[in-house]
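Let me begin by presenting the structure, written as structure tokens, before commenting on it.
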Amino acid sequence: MSRTTVPAGAILLVLVAVLVRMSLGPPGLLGWYLAGWALFAAALWLTRRLPRRELAVLVVAGGVAVTATGLVAPPATSTDSYRYAWDGRVQATGVSPYDHPPVDPALAPLRDDWLFPADCATPGLSRLPEGGCTRINRPTVHTIYPPLAEGYFLLVHWLSPGGSRHKPLQLAGALLSVAVLLALCRWAGVRAAAAWAWCPAVPVEAVNNAHVDVLGVLLVVLALACRTDRGRGALLGAAAAAKLLPAIALPGALSGVLKDGVRGRRVLAVVGPAALVVALAYLPYLLASRESVVGYLFGYVAEEGYEDPSARDRYGLLRLFLPDAWAPFAAILLLALVVLHVLRRGDPGRPWSGALLVTGSLLLLFTPGYAWYALLVVALAAMDGRWEWLGVAAAGAVAYLSGPATAAYAAAALAVAACWAVRLPGRRVPDGEVTAPGPA
């Protein structure tokens with residue numbers, strides 16, 4: 001056993017203890033979260049000197065232990081999984097989840113004391129227009145989740161024992177998180193996979209809060225590791241049908257497609273299967289639903305301040321330099337330039353690199369207030385070995401737990417820019433970075 005293995009293992013044990021405390025929720029949640037990130041960074045640094053075999057044990061065993069911390073308590077900082085449970089319950093009765101909001105009297109027979117408690121004094125409950133309360137957020141609007149996510153909610157409901165409440169969704173999130181870990185070990189190597197295995201965002205957002213984003217992350221990882229364009233496109237289509245955000249990885253899959261003119265066949269080979277999978281996923285719900293399967297999507301965009309930046313502190317970095325009214329247009333323009341750069345100059349052999357650049361840039365430009373959006377960045381940073389992008393995930397957590405986080409996003413952007421500048425002269429491949437997919 002090397003001299004570095006013991007300190008790394010000790011740090012992971014402390015990290016597990018901190019994550020258990022985080023799963024229990026307030027008080028001082030932000031402080032615990034930042035402590036978890038500091039421990040995570042220290043553990044990652046020590047991996048640079050760990051022997052491969054010892055590192056593999058720490059990454060896999062430590063990753064499973066870190067993931068399991070999300071199972072120790074009910075969701076601490078998000079109520080989204082309650083909507084997941086409700087949508088699964090509704091579908092199990094043969095009703096489309098897109099047809100009725102939870103407050104609809106037509107669904108009243110499906111209400112129980114868990115999702116619709118009699119005691120409304122508990123914090124975090126949503127009030128119902130007719131009186132009473134529910135754990136489901138936004139109970140007056142239709143669901144926002146795309147079809148593959150809805151199918152996932154239904155599957156978890158079918159497999160869940162009666163009265164199991166939040167735990168099946170957390171267990172499903174844990175299994176998906178471990179699947180991502182194993183996929184990264186297989187295609188990126190165990191050293192790179194540590195960035196996902198020990199990241200505090202994984203047990204908090206993918207497991208404790210059970211966000212369906214982790215399903216999209218797994219599909220993106222499998223897509224970018226796939227060696228055929230058609231398979232890559234189909235998996236990316238499935239990822240977008242699970243959570244819309246993974247669609248932003250599509251330019252990465254098309255890295256370099258404009259390098260020597262437009263390679264139309266390659267574009268069609270990726271985009272065609274992606275579009276087909278999305279269409280096939282939506283088709284059963286289109287046939288079964290009386291209402292729009294888009295649900296509350298456009299209302300959510302407006303609610304989150306993407307139309308009015310000052311409403312929710314969106315476009316925080318751009319608004320440091322531009323008037324509020326210009327920020328959305330500047331964000332779209334800059335993101336389009338990043339996409340164009342990836343399409344023209346990206347490396348087709350490293351599609352995850354282009355996907356990371358586009359996804360990370362999206363989050364830095366739009367500065368969302370939700371930590372789970374960055375789960376995709378964590379996985380892509382692990383694939384690419386660009387650990388500086390993990391700061392984007394930390395900034396999202398600060399934004400979610402403490403409100404406006406322009407300073408945190410600015411620090412993340414500076415870290416990315418600094419590492420990019422350092423790599424410019426020699427183009428040396430840093431420790432932990434992979435150059436091509438292959439066995440660990």
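Remember, it's a predicted structure, so these values are computed and weren't measured experimentally.
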Exercise for review: Kindly determine whether R127 and C120 satisfy side chain to side chain contact (heavy atoms under 4.5 Å, CB included), including the steps that lead there.
Suggested key: CA-CA 8 Å; R127 297 286 176 171; C120 293; 3.3 Å; yes
Exercise for review: Take E54 and V57, measure what side chain to side chain contact (heavy atoms under 4.5 Å, CB included) needs, and give me the verdict at the end.
Suggested key: CA-CA 5 Å; E54 295 175 14; V57 174; 5.9 Å; no
Check your understanding: Can R52 and L55 be said to form a side chain to side chain contact (heavy atoms under 4.5 Å, CB included), step by step?
Key -> CA-CA 5 Å; R52 184 180 185 83; L55 177 62; 5.6 Å; no
Exercise for review: Would you sort out whether V217 and L176 count as a side chain to side chain contact (heavy atoms under 4.5 Å, CB included), showing the intermediate values?
Suggested key: CA-CA 9 Å; V217 169; L176 290 172; over 6 Å; no
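For D112, the side chain to side chain donor-acceptor pair (under 3.5 Å) test picks out R89, with sequence neighbours left out. Partners of L125 according to the side chain to side chain contact (heavy atoms under 4.5 Å, CB included) rule, which considers only residues two or more places apart in sequence or in another chain, are P117, T122, C133, R135. Y315 is linked by a side chain to side chain donor-acceptor pair (under 3.5 Å) to nothing, counting only residues two or more places apart in sequence or in another chain. Taking the side chain to side chain contact (heavy atoms under 4.5 Å, CB included) definition, one finds that L182 meets it with V178, sequence neighbours left out. Residues that satisfy the side chain to side chain contact (heavy atoms under 4.5 Å, CB included) test with L222, not counting sequence neighbours, are A183, W187, L218, L235. With sequence neighbours left out, the side chain to side chain contact (heavy atoms under 4.5 Å, CB included) criterion links A408 to A395, V398, A405.
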With a 3.5 Å cut-off and sequence neighbours excluded, list the donor-acceptor pairs that the side chains of residues 157-173 form with protein atoms.
| unit_1 | atom_1 | unit_2 | atom_2 | d |
| --- | --- | --- | --- | --- |
| S160 | OG | V156 | O | 2.4 |
| S164 | OG | P161 | O | 2.7 |
| K167 | NZ | L71 | O | 2.5 |
| K167 | NZ | Q170 | OE1 | 3.1 |
| Q170 | NE2 | A73 | O | 3.0 |
| Q170 | NE2 | N208 | O | 2.8 |

Please output the side-chain donor-acceptor pairs of residues 193-206 that fall under 3.5 Å, not counting sequence neighbours, one pair per line with the distance.
| unit_1 | atom_1 | unit_2 | atom_2 | d |
| --- | --- | --- | --- | --- |
| W196 | NE1 | S177 | O | 3.1 |
| W198 | NE1 | L58 | O | 3.4 |
| E205 | OE1 | N209 | ND2 | 3.0 |
| E205 | OE1 | H211 | ND1 | 3.3 |

Please tabulate, one pair per line, all N/O donor-acceptor pairs under 3.5 Å involving side-chain atoms of residues 13-24, not counting sequence neighbours.
| unit_1 | atom_1 | unit_2 | atom_2 | d |
| --- | --- | --- | --- | --- |
| R21 | NH1 | G25 | O | 2.7 |
| R21 | NH2 | P27 | O | 2.8 |
| S23 | OG | L19 | O | 3.1 |
| S23 | OG | T69 | O | 2.9 |

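Rounding to the nearest 0.5 angstrom, the gap separating the CG atom in L380 from the CG atom in L390 is 10.5 Å. Taken to the nearest 0.5 Å, the CG atom of L340 stands 6.5 Å off from the CG atom of L258. Once rounded to the nearest 0.5 Å, the distance linking CG of L363 with OG1 of T367 reads 9.5 Å. With rounding to the nearest 0.5 Å, the separation of CG in L219 from CG in L148 is 6.5 Å. We find the CZ-CG distance between F366 and L335 to be 6.0 Å, quoted to the nearest 0.5 Å. Annotation: the span from W420 atom CH2 to W389 atom CH2 amounts to 12.0 Å, rounded to 0.5 Å.
Using a distance-only test at 3.5 Å, with no hydrogens or angles considered, a donor-acceptor pair links the side chain of R111 to the main chain of V103. Checked by atom type and distance alone, the side chain of T228 pairs as donor or acceptor with a backbone atom of G231 at under 3.5 Å. The main-chain N or O of T77 is found under 3.5 Å from a side-chain atom of Y400 such that the two form a donor-acceptor pair. Between the side chain of R83 and the backbone N or O of I136, no donor-acceptor pair lies under 3.5 Å. Side-chain atoms of Y409 come within 3.5 Å of backbone N or O of P368 as a donor-acceptor pair.
More than 12 heavy atoms of other residues, nucleotides or ligands sit less than 6.0 Å from atom CZ of R266. Within a 6.0 Å radius of CH2 in W114, more than 12 heavy atoms belonging to other residues, nucleotides or ligands are found.
Closest approach of A249 to V220, counting heavy atoms only: CB-CG1, 4.1 Å. When all heavy atoms of G316 and T406 are compared, the pair lying nearest together is O-CG2, 3.7 Å. The two residues P139 and P102 have their closest heavy-atom pair at O-CD, 3.1 Å. A pairwise comparison of heavy atoms in A327 and L318 identifies O-CD1, 3.6 Å as the closest pair. W387 approaches A381 most closely through the heavy-atom pair CD1-O, 4.0 Å. The heavy-atom pair separating L376 from P246 by the smallest distance is CD2-CA, 4.0 Å.
When each of V339, V358, V270 is tested with L250 by the rule side chain to side chain contact (heavy atoms under 4.5 Å, CB included), just one qualifies, namely V270. For the pairing with P146, the side chain to side chain contact (heavy atoms under 4.5 Å, CB included) check across V278, L244, V293 returns one residue only, L244.
In summary, the aromatic rings of F116 and W86 are positioned with their centroids under 6.0 Å apart. Taking the six-membered ring wherever Trp is involved, the centroid distance between the rings of W37 and F40 falls below 6.0 Å.
Identified under the salt bridge (charged side-chain N to carboxylate O under 4.0 Å, His left out) test for residues 243-253, with sequence neighbours left out: D213-K243. Sorted pairs that involve residues 7-31 and meet ring pair (Phe, Tyr, Trp, His ring centres under 6.0 Å), not counting sequence neighbours, are lacking altogether. Sorted by first and then second residue, the pairs that involve residues 141-152 and meet side chain to side chain donor-acceptor pair (under 3.5 Å), not counting sequence neighbours, are D87-T143, Q91-E150, T143-E150.
Looking at Y306 and P328, their side chains never come closer than 4.5 Å, going by heavy atoms from C-beta outward. When side chains are defined from C-beta on, Y82 counts as touching P75, because their heavy atoms get closer than 4.5 Å. Residues L128 and T140 are not in side-chain contact: their nearest non-hydrogen atoms beyond the backbone lie 4.5 Å or more apart. Residues L365 and L317 form no side-chain contact, since every pair of their non-hydrogen atoms from C-beta on lies 4.5 Å or further apart. Residues V59 and L181 meet the side-chain proximity criterion, which asks for heavy atoms closer than 4.5 Å.
Y300 and Y296 have perpendicular rings, their planes meeting at more than 60° on a 0 to 90° scale where under 30° would count as parallel.
Salt-bridge check for R423 with E388: passed, with a basic side-chain N closer than 4.0 Å to an acidic carboxylate O.
A donor and an acceptor atom, one from each side chain of S255 and D347, are nowhere located under 3.5 Å apart.
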